[in-house]
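All heavy atoms count here, side chains included; hydrogens, waters and symmetry mates do not.
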Amino acid sequence: PMLPEALSNELCSLKPEVDRLCMVCDMDITSQGAIRQYRFYPAVMHSRARLTYTQVWDWLSAHKADPARVPAEAKAVLPQLVALDALYRALAAAREKRGAIDFDTVELQLEFDVQGKIVRVVPAPRNDAHKIIEECMLAANVCTAEFLAKARHPALYRVHEGPTPEKLALLKEFLGGCGLALGGGDDPTASDYAKLLLGIKDRPDYALLQ
């Protein structure tokens, strides 16, 4: 935990049916995924349920396939989950239109025995429920950065710099050996990388190339 367990598992933990203090980023987002306006304010939130990513994705998948198959326990929160799923797809489409790079990496998780020793490393299951959370976090981060910049408030930003000329030359050489070319000349943009990734999605060596 990033905080002592007395805080991370209790006072700062989003427990179901419990009030928690929070800072809200309230966003007005169009159906095209554009953030029209936003505001920040302190509030009290009341979590309705504690769900896993797998649960959420199973419920949304069941709802899309056959609403009658949705379990009874899901029905109280399903309208909000369906709205969140639609929001994710609008935000993701807007990011793709801007030429943002969407890396589809496989995360790993550790499995332990009863003595606490690592017994194996396995791929962690990942689905669109993870992406829903990621898109919401990205949107809130964008608003936060803009808010701080407009207020001229000093802050730390994580900046992803482009590759050095040497790294770019090595990448182009590697891609050439795979029968591929990166657009953008000596100064490729994020959309050039995104376009290349989109074109190689079905290749068996996609993970390596990505």
Side-chain angles (χ1 to χ4, degrees), residues 1-64 67 70-105 107 126-160 190-191 194:
M2 288 187 288
L3 299 168
E5 286 194 31
L7 292 174
S8 63
N9 292 353
E10 292 298 330
L11 198 60
C12 298
S13 179
L14 297 180
K15 295 191 171 184
E17 306 299 341
V18 174
D19 287 346
R20 286 286 185 249
L21 297 174
C22 65
M23 180 64 73
V24 173
C25 177
D26 197 344
M27 292 170 272
D28 181 5
I29 301 174
T30 69
S31 56
Q32 285 74 45
I35 301 172
R36 198 156 45 189
Q37 58 186 8
Y38 60 85
R39 62 192 179 118
F40 292 92
Y41 54 86
V44 176
M45 71 174 287
H46 188 82
S47 181
R48 296 280 300 281
R50 184 169 190 149
L51 309 175
T52 66
Y53 289 109
T54 305
Q55 256 182 317
V56 169
W57 185 235
D58 286 348
W59 293 351
L60 286 171
S61 300
H63 173 73
K64 285 173 189 171
V70 177
E73 61 178 324
K75 289 180 179 171
V77 293
L78 191 63
Q80 291 92 329
L81 295 178
V82 170
L84 268 176
D85 184 50
L87 171 66
Y88 146 63
R89 293 182 191 285
L91 288 169
R95 279 206 311 123
E96 188 177 326
K97 198 173 177 182
R98 291 197 303 270
I101 304 172
D102 185 20
F103 291 110
D104 192 13
T105 54
E107 298 216 357
R126 180 176 161 79
N127 52 51
D128 281 4
H130 292 81
K131 295 179 182 179
I132 289 173
I133 298 296
E134 287 164 9
E135 284 296 337
C136 290
M137 290 171 67
L138 280 170
N141 284 343
V142 166
C143 294
T144 304
E146 186 179 289
F147 178 80
L148 291 169
K150 280 183 176 176
R152 298 184 178 277
H153 188 76
L156 290 171
Y157 295 88
R158 183 179 178 183
V159 178
H160 295 277
S191 58

Inset, instruction - Heavy atoms only: give me the nearest V70-K75 pair and the separation to one decimal. - result: O-CE, 3.7 Å
Legend entry - Distance-minimising heavy-atom pair for L148 and A155: CD1-CB, 3.7 Å
Legend entry - Rounded distance (nearest 0.5 Å) linking atom CE of M23 with atom OG1 of T144: 10.0 Å
Inset, instruction - Report yes if the side chains of Y38 and V142 come closer than 4.5 Å at any heavy-atom pair, otherwise no. - result: no
Inset, instruction - Could you pull out the closest heavy-atom pair between C25 and C143, with the gap in Å? - result: SG-CB, 3.8 Å
Legend entry - Approximate separation, where rounding is to 0.5 Å, of H130 NE2 and W57 CH2: 12.0 Å
Inset, instruction - Please indicate whether R50 has more than 12 foreign heavy atoms, meaning atoms of other residues, nucleotides or ligands, lying under 6.0 Å from its CZ. - result: no
Inset, instruction - Measure the shortest side-chain to side-chain distance between V44 and L21 over non-hydrogen atoms and say whether it is less than 4.5 angstrom. - result: yes
Inset, instruction - Would you kindly say whether Y41 and D26 are connected by a side-chain donor-acceptor distance under 3.5 Å? - result: yes
Legend entry - Salt bridge E135-K131, side-chain N to carboxylate O under 4.0 Å: no
Legend entry - Note, L138 side chain near L91 side chain (heavy atom, < 4.5 Å): no
Legend entry - Derivation of the side chain to side chain contact (heavy atoms under 4.5 Å, CB included) call for Q32 and K97: CA-CA 10 Å; Q32 285 74 45; K97 198 173 177 182; over 6 Å; no
Legend entry - Heavy-atom closest pair, residues M45 and L14: SD-CD2, 3.7 Å
Legend entry - Point-to-point distance, once rounded to the nearest 0.5 Å, from CD of Q55 to CD of E73: 6.0 Å
Legend entry - Euclidean distance, N127 CG relative to T54 OG1, rounded to 0.5 Å: 6.0 Å
Inset, instruction - Identify the heavy atoms of C136 and M27 that sit nearest to each other, and give their distance. - result: O-CE, 4.4 Å
Inset, instruction - Measure from the side-chain N and O atoms of R20 to the backbone N and O of L11, and report whether any donor-acceptor pair falls under 3.5 Å. - result: yes
Inset, instruction - Answer whether the closest heavy-atom distance between the side chains of L60 and D128 falls below 4.5 Å. - result: no
Legend entry - E5 and E10, any side-chain heavy atoms less than 4.5 Å apart: no
Legend entry - Between CG on residue D58 and CG on residue L51, distance to nearest 0.5 Å: 11.5 Å
Legend entry - Value rounded to 0.5 Å, distance of CD1 in I35 from CD in Q37: 11.5 Å
Legend entry - For S13 against S8, the heavy-atom pair lying closest together: CB-O, 3.3 Å
Legend entry - Minimum side-chain heavy-atom gap H63-L81 below 4.5 Å: no
